[in-house]
Every structure is written in C-alpha cells, then in structure tokens.
Amino acid sequence: MTLADLNQLLTARHSCRAFLPDVVPKEQIEQILTSAARAPSWCNAQPWHVVITSGEETNLFRTAMQAEATTGTPTPDLPFPTSYTGVYQDRRRACGWALYEAVGVERGDRAGSARQMMENFSLFGAPHCAILTSPAELGAYGAMDCGGFVTAFSLAAQALGIATIPQAALASYSPFLRRYFDIPEDRMVLCAISFGYAENNHPANSFRTDRADLDEIVDWVG
Ligand SMILES: Cc1cc2nc3c(=O)[nH]c(=O)nc-3n(C[C@H](O)[C@H](O)[C@H](O)COP(=O)(O)O)c2cc1C
C-alpha cells in the first residue's frame with residue numbers, strides 16, 4: 001500500500017447526488033462497516049452506531065422523510081453552524097454554485113435551489129441510508145470521532161466501487177429519525193450517509209470540488 005494508492009481513493013471519492021436503484025450485497029456493507037470501525041476514537045470509545053436501511057425499507061423511509069421535510073420543523077440534536085463567514089462562506093458558495101450549475105439551476109432561482117435541496121430527503125435515489133448516532137454524554141468529541149468513521153466509511157465504500165454522500169440535512173429532523181428508527185434518547189443523531197452505485201451520467205455527479213492550498217490551512221513552526 002503506497003500513498004499513491006491512498007490518494008487514488010481519496011481523489012476518486014466524491015459526494016454522489018444521484019444513485020442507481022440497485023442494492024449493495026449485505027456482505028459488502030459489512031465489509032465497509034468493518035473497515036470504517038478501524039477509525040480512531042478518544043479512549044477507543046468507538047462512539048459510532050448506525051441504523052442501515054435496505055430495499056423496500058429504504059423506500060418507506062424515503063417517503064416518510066420527504067413528508068417530514070415538507071411539514072416538520074428543523075431541530076437537529078447537534079446545533080448546526082450559526083454562520084459561515086470569510087473563506088468558509090466562499091467555499092460553501094463555491095460548492096453550492098458548482099452543484100446548481102451542474103443541474104441547471106441559475107443563480108437567484110430560489111425555487112430551483114429549494115427543489116435541488118429537497119433531493120436530500122429522497123436520499124438522491126440511494127438504495128441504502130445509514131443513520132449515524134453518538135452518545136450524547138460524549139459531546140463534541142464523540143461527534144469528532146464519528147467524523148473519522150464517516151470518512152473511513154466513504155473510502156472503504158469507494159474501494160468497492162460504492163458511492164456515498166454524508167448528509168447533515170437529514171439530521172435537521174433528529175426527533176423524527178429518533179421516533180422512526182427507535183433511537184434511544186441518550187444518543188445524538190449526527191448525520192446520514194446515503195450510499196449505493198453512482199448514476200455516473202447524471203448532471204449532479206458531473207462536478208468535483210477543489211481544496212485549499214496548504215498555505216491556507218497550515219502555519220509551520222520551526
Ligand atoms: C458531515 C457532512 C455533512 C454533509 N451534509 C451534506 C448534505 O446534507 N447535503 C449534501 O448535498 N452534501 C452534504 N455533504 C457533502 C459536502 O457538501 C461535500 O463533502 C463537500 O462539498 C466536498 O465535496 P466532496 O465530498 O464531493 O469532495 C456533507 C459532508 C459532510 C462531511
């Protein structure tokens with residue numbers, strides 16, 4: 001295993017926003033989870049837990065999730081960012097515009113962007129959805145550990161040719177998810193990961209995001 005191999009996986013992975021309906025064999029989902037669980041965590045607490053939907057259950061969930069997103073009030077367990085300013089606002093806008101341009105939503109087209117945003121709640125057509133939770137008592141550090149789990153999950157899936165997208169959008173409706181999946185009160189719903197096989201020809205999958213140069217993200221000392 002070389003850094004080049006790892007970089008190949010890291011650069012091939014992207015957030016997939018249009019999936020084919022074909023289900024992933026359960027053995028492969030188990031392989032992805034086994035790999036993802038190698039992520040480091042503080043005290044090796046391994047705070048992650050996932051509920052994974054497959055087949056018709058995903059379709060039932062999709063329908064219920066869409067209804068909730070249409071009528072419900074966003075109340076995430078983990079408070080969403082209060083604002084994005086400076087470079088963070090710039091980067092957020094750049095990836096949003098890249099998506100809208102790809103799917104033909106023009107700047108200022110609020111109805112069009114809202115329609116694209118609602119695609120989150122149809123899981124972008126994915127045949128599987130993982131709902132990721134962490135014990136509330138571990139707070140931000142449990143959530144931090146789970147971030148590593150999300151990355152490892154996405155890379156392991158990529159290695160098997162399976163596309164993924166982490167989705168905080170679904171965690172807007174944490175109380176609904178808790179009721180729907182019988183998630184204990186003492187766990188925080190962090191995000192979802194929808195996954196399956198990419199619909200490669202779909203416009204939503206036609207763009208890639210870039211990354212800041214090193215001098216923007218590091219201060220060398222010594
Ligand atoms: C924790 C987390 C939550 C995210 N939530 C969403 C989401 O709700 N909807 C969405 O379309 N993308 C979501 N994304 C995907 C990001 O927009 C994406 O990772 C970023 O733009 C970089 O693009 P890439 O993943 O294609 O490299 C999320 C990513 C992460 C890590």
Side-chain angles (χ1 to χ4, degrees), residues 6-19 32 36 39 41 47-50 61-62 65-66 68-69 72 74-82 84 87-103 105 112-126 128-134 140-159 162-174 176-177 188-196 198-200 202-213 216-217:
L6 179 59
N7 279 339
Q8 207 179 334
L9 265 186
L10 283 163
T11 51
R13 185 215 59 81
H14 65 96
S15 292
C16 175
R17 293 186 179 85
F19 291 88
I32 294 167
S41 57
W48 38 78
H49 186 274
V50 280
F61 170 55
R62 194 187 332 269
M65 185 72 245
Q66 284 172 304
E68 176 68 19
T75 37
D77 287 347
L78 190 66
F80 277 12
T82 50
Y84 288 82
V87 290
Y88 309 112
Q89 185 182 41
D90 296 344
R91 293 170 190 164
R92 182 176 191 227
R93 282 188 177 148
C95 81
W97 282 333
L99 170 61
Y100 293 142
E101 194 174 13
V103 297
V105 173
S113 55
R115 230 181 2 261
Q116 177 58 37
M117 203 280 288
M118 282 301 287
E119 288 294 312
N120 271 287
F121 305 109
S122 68
L123 317 174
F124 301 107
H128 302 280
C129 186
I131 308 293
L132 176 63
T133 66
S134 175
Y141 278 92
M144 183 188 278
D145 296 341
C146 286
F149 181 89
V150 170
T151 300
F153 185 107
S154 302
L155 292 176
Q158 180 66 41
I162 295 159
T164 55
I165 180 163
Q167 291 179 275
L170 270 62
S172 311
Y173 301 99
S174 296
F176 159 74
L177 295 173
M188 285 193 294
V189 177
L190 298 180
C191 70
I193 310 173
S194 290
F195 64 98
E199 190 182 338
N200 287 318
H202 195 286
N205 287 333
S206 66
F207 74 98
R208 296 293 178 268
T209 54
D210 57 15
R211 295 296 185 269
D213 291 336
E216 286 189 63
I217 62 162

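Numbers for residues simply follow the sequence, beginning at 1. Whatever order the structure lists them in is the order used to number ligands and atoms, beginning at 1. On a predicted model such as this, the values are computed, not experimentally measured, just so you know.
- Between Phe153 and Phe195, the angle of the ring planes goes over 60°, which puts this pair in the perpendicular group of the 30/60° scheme.
- Within the 4.5 Å cutoff, side-chain heavy atoms of Ile165 are placed close to those of Phe19.
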Mind listing the N or O contacts between ligand 1 and protein, cut-off under 3.5 Å?
from     : atom 1 : to     : atom 2 : distance (Å)
ligand 1 : 5 (N)  : Pro166 : O      : 3.3
ligand 1 : 5 (N)  : Ala168 : N      : 2.8
ligand 1 : 8 (O)  : Ala168 : N      : 3.2
ligand 1 : 8 (O)  : Ala169 : N      : 2.9
ligand 1 : 9 (N)  : Asn120 : OD1    : 2.9
ligand 1 : 11 (O) : Arg17  : NE     : 2.9
ligand 1 : 11 (O) : Arg17  : NH2    : 3.3
ligand 1 : 12 (N) : Arg17  : NH2    : 3.2
ligand 1 : 14 (N) : Pro166 : O      : 3.2
ligand 1 : 17 (O) : Arg17  : NH2    : 3.3
ligand 1 : 19 (O) : Ser15  : OG     : 3.3
ligand 1 : 23 (O) : Thr209 : OG1    : 3.1
ligand 1 : 25 (O) : Arg13  : NH1    : 3.0
ligand 1 : 25 (O) : Arg13  : NH2    : 3.2
ligand 1 : 25 (O) : Ser15  : N      : 3.4
ligand 1 : 25 (O) : Ser15  : OG     : 2.6
ligand 1 : 26 (O) : Ser15  : N      : 2.9
ligand 1 : 27 (O) : Arg13  : NH2    : 2.8
ligand 1 : 27 (O) : Thr209 : OG1    : 3.2
ligand 1 : 27 (O) : Arg211 : NH2    : 2.8

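- Heavy-atom contacts from other residues, nucleotides or ligands closer than 6.0 Å to NE2 of His14 number more than 12.
- In this structure, Thr75 and Tyr173 have side chains that are not in contact, with every pair of non-hydrogen atoms separated by 4.5 Å or more.
- Taking both residues in full, the closest heavy atoms of Asn200 and Asn205 are given as O-CB, 4.4 Å, listed atom of the first, atom of the second, then distance.
- With a 4.5 Å cut-off on side-chain heavy atoms, Leu170 and Cys129 count as touching.
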